[in-house]
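Everything quoted here is computed from the prediction, not taken from an experiment. In what follows, every chain begins at residue 1, and chains take the letters A, B, ... in the order their sequences are listed. Quick note: numbers below take in every heavy atom, side chains included, and nothing from hydrogens, waters or symmetry partners.
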Amino acid sequence: MTVRTRFAPSPTGYLHVGGARTALFSWLYARKHGGKFVLRIEDTDLERSTEESVNAILEGMTWLGLEYDEGPFYQTHRFERYNEVIGELMEKGLAYRCNCSRERLDDLRERAMKRKEKPRYDGHCKSLHVDPDEPHVIRFRNPESGTVVVDDLIRGRVAFNNEELDDLIIRRTDGSPTYNLTVVVDDMDMEITHVIRGDDHLNNTPRQINILRALGKKSPIYGHVPMILGDDGARLSKRHGAVSVMQYREEGFLPEALLNYLVRLGWSHGDQEIFSIDEMIELFDIDQVNKAASSFNTEKLLWLNQHYIKADDPKRIAHLLSPHMGNLGIDPTEGPDLVDVAKAQQERAKTLVEMADISAFCYLDFEAFDEKAAKKHLRPAAREPLEKMREALEGLQDWTPEALHERVQQVSETLEVKMGKVAQPLRVAIVGRAASPGIDVTLQLVGKEATLRRIDMALEFIRQREAQA
RNA sequence: GCUCCCUUCGUCUAGUGGUCUAGGACGCUGGCCUCUCACGCCGGUAACAGGGGUUCGAGUCCCCUAGGGAGUACCA
């Protein structure tokens, strides 16, 4: 049997991390077993579905590299097929027309709640004849007794009593099919073998199995993955910051970091934290996924992101960094090679946005020195070291880290001070802040011209300070 | 309300009856390294929701309680 899994989002918003993880698990399962991964867009809710959402979901999947083998299939293109199946159920007496008014239904629900019972449709129209020409919905005739057992890959055996279920609507008054019918038909037609989806669907599963049975089909294997909560343990929502996958890209995250974070949320392989895509495919197993919901922890994602930034090829980092430099109004071709910058900053940034921020000095003069840094390092005592450095650098032709390092060292030896006494003021002078890569590399990236100009700025700053004192 | 699901450090998790005075990771924190920041290295902090059973022995099996979550739509 060839494994076939699917991801079936409804296009009512962007791709969020919960959906992305479900898609990842589904994708991994298919990849692991040499199967196919199908993408299906569940857009039968014509009111809420939008094309922008479809595009946002597709974009998110592409960014994460979760490529699908078939699809995207759109449910709105398959209404004819759904009606065919509904017709089949009608013919076999497994579905019936119902013209109960909303008022009657609301009343029914209210009374059941009052009696402390689960609200269920009472089957009022089950044995009545409803004229096909008058407005009506079609309901599925759910078995009245017996149990439905779901052997869930993650939850284990879960049993439901048919008494708890009611005759659900499978076609609306406007003729459109409803979710529980379309999933069943699609999973059946697309020959989905493993349905891996969010556990908010666990309660729907027995209904779907019943429809499948009525159609004389075997049900697929289910795996209901728990949901993801926000940092605070509450349900993930917009107030938790980035929940949209694409927003993580904008915030400077690497797709492999998000993927690695997501795969470890609810799943583990011993003590291993870092997984390449190939390792995930090899080691992941859906039945080892935790049953409990887990909280999204941005701190750990940040750590993983830094790990991947550190480990990646500087050329790729530079490539990904480029647009973030652009966001700061910097054209990276007008200055040092961005690859060298990336190489110098790889160990210093948790995100590409942060890397762009701490690298801007390589391309642009800053407006002002960081207040704290200037106060501490651009003081009168720094004037002499800076003047000496300026002299030492002005005549330097060989602007390489080695030569630069030597000059800084020479100046500190001449002045008989520790290297920090020279390097720190110099750093603040040319970077504007107190932190940067090694002073030699920093000098190299800034370049001779800007270095001398900025040292002069710093000296002027110190002079003014002396004048004020 | 009713049905279903869940419960190990703050967070992600290991743990499938004895090797658990509960391991790893993030975070936080002490130190080392050091021209700054970061990286790296060494150390510390912190958990089996509560209560009953079963068993020679329970984080691990069963029951109850509590607390979370989902569903209960002519949404998906």
Side-chain angles (χ1 to χ4, degrees), chain A residues 8-12 42-45 47-49 75 98 100 102 105 109 112-120 135-139 150 152 154-156 158-161 163-166 168-174 176 178-180 182-183 197-206 224 226-227 229 231-235 261 264-274 290-304 306 310 345-350 358 373 377 405 408-409 412 418-428 431 433-440 442:
Chain A
S10 58
T12 53
E42 306 213 327
D43 53 355
T44 53
D45 184 347
E47 306 253 311
R48 298 196 302 152
S49 299
Q75 293 193 318
C98 166
C100 288
R102 304 227 182 203
L105 262 22
R109 201 172 1 253
M113 298 273 274
K114 236 173 232 169
R115 268 181 280 126
K116 305 194 174 213
E117 278 172 22
K118 185 172 176 169
R120 300 166 62 246
H136 66 272
V137 300
I138 293 181
R139 289 181 183 272
V150 182
D152 195 276
I154 296 170
R155 301 302 158 124
V158 184
F160 296 85
N161 277 321
E163 280 91 357
E164 299 295 335
L165 275 26
D166 64 356
L168 73 162
I169 291 170
I170 55 177
R171 191 170 79 175
R172 302 185 183 93
T173 308
D174 68 4
S176 63
T178 60
Y179 168 72
N180 280 299
T182 59
V183 222
R197 63 190 356 174
D199 72 356
D200 47 334
H201 292 286
L202 184 55
N203 285 293
N204 288 320
T205 308
H224 287 94
M227 60 184 291
L229 309 173
D231 291 75
D232 54 2
R235 189 178 181 165
Y261 180 74
R264 277 286 287 105
L265 212 53
W267 176 80
S268 65
H269 183 257
D271 288 340
Q272 190 171 343
E273 294 288 350
I274 306 297
N290 261 176
K291 296 173 187 196
S294 35
S295 299
F296 195 91
N297 185 232
T298 308
E299 294 294 331
K300 189 157 184 180
L301 205 213
L302 244 11
W303 172 74
L304 275 165
Q306 181 169 36
K310 250 179 340 200
Q345 302 282 209
Q346 269 179 305
E347 290 180 341
R348 280 165 248 269
K350 286 184 181 344
I358 61 174
H377 299 290
H405 182 83
V408 178
Q409 207 161 32
S412 59
K418 283 190 194 165
M419 225 169 101
K421 292 284 179 206
V422 178
Q424 257 328 77
L426 180 58
R427 169 172 286 114
V428 176
V431 176
R433 338 184 189 196
S436 85
I439 193 65
D440 43 6
T442 301

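Remark: side-chain polar atoms of R197(A) are not paired, donor with acceptor, to backbone N or O of L202(A) under 3.5 angstrom.
Here the side chain of M113(A) is nearest to one of G1(B), A76(B), U36(B), namely G1(B). Picking from C5(B), C74(B), U11(B) the nucleotide with the shortest atom distance to the side chain of L105(A) gives C74(B). Checking G27(B), C5(B), C74(B) against the side-chain heavy atoms of V137(A) singles out C74(B) as nearest. Of all nucleotides listed (C74(B), G71(B), C6(B)), G71(B) comes nearest to the side chain of K118(A). Checking C12(B), C35(B), U36(B) against every side-chain atom of R348(A), the shortest atom distance belongs to U36(B).
Across all strands, H224(A) comes closer than 4.0 Å to no nucleic acid atom at all (heavy-atom distances).
Comparing the P positions of A22(B) and A46(B) gives an interatomic distance of 11 Å, to the nearest angstrom.
Spacing between atom CG of L426(A) and atom C1' of C35(B) amounts to 10 Å, rounded to whole angstrom units. The distance from atom CG of N161(A) to atom P of C2(B) is 16 Å, rounded to the nearest whole Å.
Ring-plane geometry between Y179(A) and H201(A) is classed as tilted, the angle between the planes lying from 30 to 60 degrees on a 0 to 90 degree scale.
Side-chain contact check for T182(A) and T44(A): no donor-acceptor pair (N or O, by modelled atom type) lies under 3.5 Å.
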